[in-house]
Amino acid sequence: MSGNPAGPPSGSRHRTTKAVESLLDGQAEALTQKVVQLALDGDPTALRLCLERILPPRRERPLETTLPPIEKSSDLPRITARLIEAVASGELAPSEGEALSKLVEAHRKIVETAELEERISRLEQRNPRRM
């Protein structure tokens, strides 16, 4: 058993959290108006806070690029060349190219495993084991 079995129940809030919530209770509208006013007056922190609530920073976006299909191991050089070209031309950000490269690598392992299984199966059919 890990942790403190006699500790607070799961999901319970800390005393400090409860105290802060009680201090702010009923003040949300006034605080929001104050932050908005500070932002309008040019406070950069308040402005950033307001803008992040209006339009949160985008963490990820769908990629709009096409890659050739990976059907066998020999397709991989063409695909990695396409990824490098997309990053070099600015079509993909370097981090996006890296993420796609990881997906391609994972798919490569799957394709190579399938190819090995097929080869082993053919070899076993040609030379069945004798018991």
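Along the sequence shown, residues are numbered consecutively beginning with 1. Only a predicted model underlies this, so the values are computations on that prediction, with no experimental measurement involved.
Hydrophobic clustering (side-chain heavy atoms under 4.5 Å, transitive across Ile, Leu, Val, Met, Phe, Trp, Tyr) groups Ile79 together with Leu103.
The two atoms that bring Arg108 and Leu76 nearest to each other are CG-CD1, 3.0 Å, heavy atoms only. Contact between Val35 and Ala46 at its shortest, heavy atoms only, is O-CB, 3.6 Å. For the residue pair Pro77 and Ser74, the shortest heavy atom distance occurs at CD-O, 3.4 Å.
Remark: Glu21 CD is packed, more than 12 non-hydrogen atoms of other residues, nucleotides or ligands lying under 6.0 Å away. Heavy atoms of other residues, nucleotides or ligands lying less than 6.0 angstrom from CZ of Arg122 number more than 12.
Between Arg53 atom CZ and Arg48 atom CZ the span is 10.0 Å, to the nearest 0.5 Å. Here the NZ-CD distance, from Lys72 to Glu112, works out to 14.0 Å after rounding to the nearest 0.5 Å. Taken from CD in Glu105 to CD1 in Ile110, the straight-line distance is 10.5 Å, to the nearest 0.5 Å. Going from atom OG of Ser73 over to atom NZ of Lys109 covers 13.0 Å, rounded to the nearest 0.5 Å. Atoms CG and OG, on Leu100 and Ser95 in that order, are 10.0 Å from each other to the nearest 0.5 Å. Between atom CD of residue Gln33 and atom CD of residue Gln27 there is a gap of 12.5 Å, rounded to the nearest 0.5 Å.
At least one side-chain heavy atom of Val36 sits less than 4.5 Å from a side-chain heavy atom of Leu40. Using a 4.5 Å cut-off on side-chain heavy atoms (C-beta onward), Glu118 and Glu115 make no contact. Looking at Glu98 and Lys102, their side chains come closer than 4.5 Å, going by heavy atoms from C-beta outward.
Each of Leu49, Thr45, Asp43, Leu51 was scored for a side-chain contact (heavy atoms from CB on, under 4.5 Å) with Leu47, with one residue passing: Leu51.
Between the Thr32 side chain and the Ala28 main chain, a donor and an acceptor come within less than 3.5 Å of each other.
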Pair Arg82, Glu91 - check side chain to side chain contact (heavy atoms under 4.5 Å, CB included), show working.
CA-CA 11 Å; Arg82 172 69 184 105; Glu91 181 182 339; 3.0 Å; yes

